[in-house]
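Quick note: numbers below take in every heavy atom, side chains included, and nothing from hydrogens, waters or symmetry partners.
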Amino acid sequence: QVQLVESGGGLVQAGGSLRLSCAASGRTFSRYAMGWFRQAPGKEREFVAAITWSGGGTYYADSVKGRFTISRDNAKNTVYLQMNSLKPEDTAVYYCAARAAQGMGATPYDYDVWGQGTQVTVSS
């Protein structure tokens, strides 16, 4: 089973960009579909983006479509979330998650392994 560690969060002004990284341990990273979720204070964890284990397929929440891009580098055991045109409502703790399947999932229940999260704060 993989273990996940996120990095790249921080404070950014509205309209700015951040790139989150999620490094996975283990030799079977390429057999996991990956996802990004976020959770704001007082709110449920929500789906942001997902990618198949090959990287050939991606899926986004409507709220981030056109602004965020998920990608992965299986040689580096890393998945990324490039976030552009950030808005204050994007403020949350961002989590990466791994799913031991080829296909993507869009709910937290679809994922088996979670990272510890990284804080993203967007100021207006």
Ignoring hydrogens, what is the shortest heavy-atom contact between L4 and V113? Give both atom names and the distance.
CD1-O, 3.6 Å
Examine distances only and state if a side-chain atom of N74 and a backbone atom of W53 form a donor-acceptor pair shorter than 3.5 Å.
yes
Heavy-atom nearest pair, V2 first then A98, reads CG2-CB, 3.8 Å
So which heavy atom on A92 is nearest to which on A40, and how close?
CB-N, 3.8 Å
When rounded to the nearest 0.5 angstrom, what is the spacing between CZ in R72 and SG in C22?
10.0 Å
M83 CE to I70 CD1 distance, which is reported to the nearest 0.5 Å:
12.0 Å
For K65, is there an ion pair with D62 - N to carboxylate O distance below 4.0 angstrom?
yes
Report yes or no: is the cationic atom of R45 (NZ for Lys, CZ for Arg) closer than 6.0 Å to the six-membered ring centre of Y95, at no more than 45° off its axis?
yes
For side chain to side chain contact (heavy atoms under 4.5 Å, CB included), just list the numbers for V120 and V122, CA-CA rounded to whole Å, side-chain angles, deciding distance to a tenth of an Å, and then say yes or no.
CA-CA 7 Å; V120 172; V122 184; 4.2 Å; yes
Does the gap between the ring centers of F47 and W36 come in under 6.0 Å?
no
Given Q39 and Y94, is the side chain to side chain contact (heavy atoms under 4.5 Å, CB included) satisfied, shown in steps?
CA-CA 7 Å; Q39 189 166 18; Y94 282 70; over 6 Å; no
Do the side chain of D73 and the main chain of V79 share a donor and acceptor less than 3.5 angstrom apart?
no
Shortest non-hydrogen contact from G103 to A33?
O-CB, 3.4 Å
Between T52 (side chain only) and G57 (backbone N and O only), is there a donor and an acceptor less than 3.5 Å apart?
yes
Applying side chain to side chain contact (heavy atoms under 4.5 Å, CB included) to Y32 and Q1, what does each step give before you reach the verdict?
CA-CA 10 Å; Y32 285 80; Q1 192 175 25; 4.2 Å; yes
Any side-chain to backbone donor/acceptor pair from T78 onto K76? Under 3.5 Å, distance only.
yes
Test side chain to side chain contact (heavy atoms under 4.5 Å, CB included) applied to E6 and W114, step by step:
CA-CA 10 Å; E6 301 96 333; W114 292 84; over 6 Å; no
Looking only at heavy atoms, which two atoms of V48 and F68 are closest? And how far apart?
CG1-CD2, 3.7 Å
Q82 CD to R19 CZ distance, which is reported to the nearest 0.5 Å:
7.0 Å
Nearest 0.5 Å please: distance from the OH atom of Y111 over to the CZ atom of R99.
6.5 Å
Less than 6.0 angstrom from the centroid, inside 45 degrees of the normal: does R67 satisfy that with respect to the ring of Y60?
no
